[in-house]
Amino acid sequence: MTYEIPKHIEQFGKDIQENQLRYHNRRVIVSKEFTFDSAHHLHLYEGKCKSLHGHTYKLQTIMSGKTDHRGLTIDFADMKRIAKERVIDKLDHRYLNEVLPPMNTTAENMVVWIYEQIHDALLEEGHYPNIRIEEIRLWETPTSYAAVTRDMMEADENAG
């Protein structure tokens, strides 16, 4: 494989115009993943997780939206900032039973709380409804995760 040096660097306003930046008007999926380390224990559970222990959690945020005039759905840096401010900074290297609202700190409970935190940020910052959460996945171990989707959350809101 050989590396070719570009003969010409594309220049905005000369080689490409602003009305060309947005290639399509379709909804697309964007995703960002994070890890954080936390300790917790479970109540009314018989097994190893009954005792205080820790995990390296993996969080995946999956969003969708149409692109703006630049061809961007949401800046990955904004996705990172929102997840960091609303979730990671609150949970990383913390005792989950102490920092989360009163709940059994199962992945199933936590993933709904995480969805709510990120959804609220999208609302507050004016990204919603163009940018919507499609799914939040929370891995407790490399092979075990809990997930919630927008359809699931909206169905529960409409049923209640």
Side-chain angles (χ1 to χ4, degrees), residues 1-40 53-96 99-100 105-158:
M1 175 181 234
T2 61
Y3 174 76
E4 274 191 42
I5 296 173
K7 293 170 185 54
H8 176 75
I9 301 297
E10 184 176 79
Q11 294 179 25
F12 179 71
K14 180 179 177 188
D15 303 308
I16 188 167
Q17 305 306 312
E18 186 169 347
N19 66 342
Q20 296 174 297
L21 298 178
R22 184 180 192 180
Y23 176 73
H24 61 85
N25 189 30
R26 299 183 183 273
R27 185 168 281 277
V28 298
I29 297 278
V30 290
S31 178
K32 192 116 179 90
E33 294 183 4
F34 310 89
T35 60
F36 61 94
D37 299 295
S38 301
H40 75 140
H53 64 285
H55 297 284
T56 296
Y57 289 91
K58 181 171 95 170
L59 171 64
Q60 182 181 21
T61 60
I62 304 167
M63 299 180 188
S64 74
K66 291 190 175 185
T67 57
D68 64 14
H69 69 284
R70 303 167 298 168
L72 293 173
T73 302
I74 183 172
D75 192 321
F76 287 116
D78 287 333
M79 292 176 72
K80 179 179 180 179
R81 177 186 48 75
I82 289 168
K84 185 176 178 334
E85 290 174 359
R86 298 294 181 116
V87 178
I88 307 300
D89 287 350
K90 294 178 180 179
L91 304 183
D92 190 34
H93 286 82
R94 300 297 303 269
Y95 174 47
L96 298 176
V99 296
L100 286 170
T105 54
T106 63
E108 297 91 333
N109 280 337
M110 290 172 59
V111 77
V112 170
W113 179 84
I114 292 168
Y115 181 103
E116 293 168 344
Q117 301 306 301
I118 294 173
H119 178 72
D120 289 350
L122 293 175
L123 282 171
E124 291 167 18
E125 295 184 14
H127 295 290
Y128 188 86
N130 182 50
I131 307 302
R132 335 183 275 223
I133 300 171
E134 294 300 332
E135 187 172 354
I136 299 290
R137 293 181 182 178
L138 181 66
W139 277 264
E140 195 171 81
T141 71
T143 59
S144 305
Y145 74 85
V148 67
T149 65
R150 178 177 53 84
D151 289 343
M152 294 162 71
M153 293 294 284
E154 289 178 358
D156 288 346
E157 285 176 9
N158 295 333

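For the single chain, residues carry numbers from 1 onward in sequence order. Since this is a predicted model, take the numbers as computed values, not measurements.
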Exercise for the section: Would you check, one step at a time, whether the test side-chain contact (heavy atoms from CB on, under 4.5 Å) holds for His69 with Glu18? Expected result: CA-CA 8 Å; His69 69 284; Glu18 186 169 347; 3.0 Å; yes
Practice task
On the 0 to 90° scale, with breaks at 30° and 60°, tag the His55-His53 ring pair as parallel, tilted or perpendicular.
Solution key: perpendicular
Using a distance-only test with no angle check, is there a side-chain donor-acceptor pair under 3.5 angstrom linking [X] and [Y]?
| X | Y | answer |
| --- | --- | --- |
| Ser64 | Arg27 | yes |
| Thr149 | Glu134 | no |
| Asp15 | His8 | yes |

Find the distance between [atom1] ([X]) and [atom2] ([Y]) and round it off to the nearest 0.5 Å.
| X | Y | atom1 | atom2 | value |
| --- | --- | --- | --- | --- |
| Glu140 | Thr105 | CD | OG1 | 8.0 Å |
| Ile114 | His119 | CD1 | NE2 | 15.5 Å |
| Met63 | Glu135 | CE | CD | 12.5 Å |
| Asp68 | Asn130 | CG | CG | 8.5 Å |
| Lys32 | Lys84 | NZ | NZ | 12.5 Å |
| His127 | Asp75 | NE2 | CG | 9.0 Å |

Exercise for the section: Report the C-alpha distance between Lys80 and Glu33 in whole Å, list the side-chain angles of each, state the deciding distance to 0.1 Å, and finish with yes or no for salt bridge (charged side-chain N to carboxylate O under 4.0 Å, His left out). Expected result: CA-CA 9 Å; Lys80 179 179 180 179; Glu33 294 183 4; over 6 Å; no
Handout entry: Min side-chain heavy-atom separation Ile62-Ile133 under 4.5 Å
Key = no
Handout entry: Contact check, side chains of Asp92 and Asp37, non-hydrogen atoms, under 4.5 Å
Key = yes
Exercise for the section: Report yes or no: does Arg94 contribute a side-chain atom to a donor-acceptor pair with the main-chain N or O of Leu96 at less than 3.5 Å? Expected result: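 Side chain of Arg94 to backbone of Leu96: no pair is present.
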Problem - Under 3.5 Å: donor-acceptor pair, side chain of Ser38, backbone of Leu91 - result: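 Present.
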Exercise for the section: Run the numbers on Thr73 and Ile131 for side-chain contact (heavy atoms from CB on, under 4.5 Å), then give the verdict. Expected result: CA-CA 7 Å; Thr73 302; Ile131 307 302; 3.5 Å; yes
Please report the shortest heavy-atom distance between [X] and [Y], naming the atom on each side.
| X | Y | value |
| --- | --- | --- |
| Phe12 | Gln17 | CE1-C, 4.1 Å |
| Met152 | Ala147 | CE-O, 4.2 Å |
| Gly71 | Thr67 | O-CG2, 3.4 Å |
| Trp139 | Pro142 | CD1-O, 3.8 Å |

Problem - Leu138: which of Tyr57, Tyr115, Tyr145 passes side chain to side chain contact (heavy atoms under 4.5 Å, CB included) - result: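 It is Tyr57, the one option of Tyr57, Tyr115, Tyr145 that forms the side chain to side chain contact (heavy atoms under 4.5 Å, CB included) with Leu138.
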Problem - side chain to side chain contact (heavy atoms under 4.5 Å, CB included), paired with Ile82, selected from Asp120, Thr61, Ile118 - result: Ile118
Handout entry: Aromatic ring proximity Tyr95/His40, centre distance under 6.0 Å
Key =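 Between His40 and Tyr95, which both carry aromatic rings, the centre distance is not below 6.0 Å.
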Handout entry: Verdict with reasoning, Lys90 to Val99, per side-chain contact (heavy atoms from CB on, under 4.5 Å)
Key = CA-CA 7 Å; Lys90 294 178 180 179; Val99 296; 5.8 Å; no
Exercise for the section: Give a yes or no on whether Tyr23 atom OH has more than 12 heavy-atom contacts from other residues, nucleotides or ligands under 6.0 Å away. Expected result: no
Exercise for the section: State plainly whether the residues Glu124 and Arg86 are in salt-bridge range, i.e. N to O under 4.0 Å. Expected result: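 Salt bridge present between Glu124 and Arg86.
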Exercise for the section: Before giving the answer on side-chain contact (heavy atoms from CB on, under 4.5 Å), spell out for Thr35 and Leu59 the whole-Å C-alpha distance, their side-chain angles and the decisive distance to 0.1 Å. Expected result: CA-CA 6 Å; Thr35 60; Leu59 171 64; over 6 Å; no
